[in-house]
Amino acid sequence: MPKKTLETLFTEERIQQRVQDLGELITQDYRGKELTILIILKGGFLFGADLCRAITIPTYIEFLGVSSYGHEEKSTGIVQITQDLKYSIAGQDVLIVEDIVDTGRTMAYLLANLKTRKPRSIQACTLLNKESKRCVDGLELAYTGFEIEDHFVIGYGLDDKGQDRNLPYIGYYPS
Ligand code: 5GP
C-alpha cells in the first residue's frame, strides 16, 4: 500500500523563526554566563544545531544519546543512556535540548540523572511539547517552541521508524 501524504504541521520558515526567538530569549536569560548546551540524540540534533547558532553568549556543546522508544511509536517507559557525557558538568549552567516532550518520562529521567552530577543550574528546552500526554508530575520546561496536539510527528530530527529525520519541516500522517 502506498504511504499516505505527510500533513505539514510546521513549515521550515516557521520552525526557523521560532528557533531564532528561543535563541534570543536564552541569550538574554544567560547573559554574562557560559552555557553548556546538552543536545539529546538522536532527535535533538537538528534543533540543537540551529538553536546553538541562534545563541550568542559563550557556549560549550555536548551530546547525550538516549533511547526511549526503540523503533516503536509508543514509549516503552524505559529510558536508556546510549552515549554518555565524556566530561563532568559539575558547576556548569546546563541547558538540555530535546526535540519533543511527550509523556515526560525521558526529560524527568534526564533531569534527575543530570542533577546528581551537580551542575550549577539545569533547565530544559524542547522544540515540541505534548502537554496532554504527560504522565509525570511537576516537570518544568523553561523553554518550549510549540505546544502540539497528540500527533505522532515526523521530520526536523524526529524519526519515522528511523527514517525522515532530515526533513526540514515537521508533519504527521492523518489517521
Ligand atoms: P517521552 O519520554 O516524553 O514520552 O518521549 C520522549 C521521546 O519519545 C522523544 O525524545 C522522542 O524521541 C520520542 N517521541 C515522542 N513523541 C514523538 C513523536 O510524536 N514523534 C517522534 N518521531 N518521536 C516521538
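Whatever order the structure lists ligands and atoms in, that order sets their numbers, starting from 1.
Residue contacts with ligand 1 for D99 involve side-chain atoms from C-beta outward but no N, CA, C or O (heavy atoms, distance under 4.0 Å). In H151, the part holding a heavy atom less than 4.0 Å from any atom of ligand 1 is the backbone. Contacts between K133 and ligand 1, counted as non-hydrogen atom pairs separated by less than 4.0 Å, are absent for every part of the residue.
Residue contacts with ligand 1 include K130, since one or more of its heavy atoms lies under 4.0 Å from the ligand.
Using a 4.0 Å cut-off to heavy atoms of L158, the atoms of ligand 1 that qualify are 20 (N), 21 (C), 22 (N), 23 (N). Each of the atoms 6 (C), 9 (C), 10 (O), 11 (C), 14 (N), 15 (C), 16 (N), 17 (C), 18 (C), 19 (O), 24 (C) of ligand 1 lies under 4.0 Å from some heavy atom of I100. Each of the atoms 10 (O) of ligand 1 lies under 4.0 Å from some heavy atom of E98.
A side-chain N or O of D93 and one of S121 form a donor-acceptor pair less than 3.5 Å apart. No side-chain donor-acceptor contact under 3.5 Å links Q163 and D159.
Residue-to-ligand polar distances place V153 within reach of ligand 1: an N/O pair is separated by less than 3.5 Å. In terms of polar-atom proximity, defined here as any N/O pair under 3.5 Å, G104 does make such a contact with ligand 1.
Looking only at side-chain heavy atoms (C-beta outward), I37 and I39 come within less than 4.5 Å of each other.
Of the possible polar contacts, none joining the T59 side chain to the I61 backbone as a donor-acceptor pair under 3.5 Å is found.
Taking only non-hydrogen atoms, the option from T106, D159, L139 nearest to atom 6 (C) of ligand 1 is T106.
Residues passing the salt bridge (charged side-chain N to carboxylate O under 4.0 Å, His left out) test with R14, sequence neighbours excluded: none.
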Any chance you could lay out the side-chain hydrogen bond (donor to acceptor under 3.5 Å, both in side chains) test for N166 and Y156, step after step, and finish with the verdict? CA-CA 6 Å; N166 55 331; Y156 195 64; over 6 Å; no
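Ring geometry for F10 against F146 counts as parallel: the plane angle stays under 30°, on a 0 to 90° scale with 60° as the upper cut.
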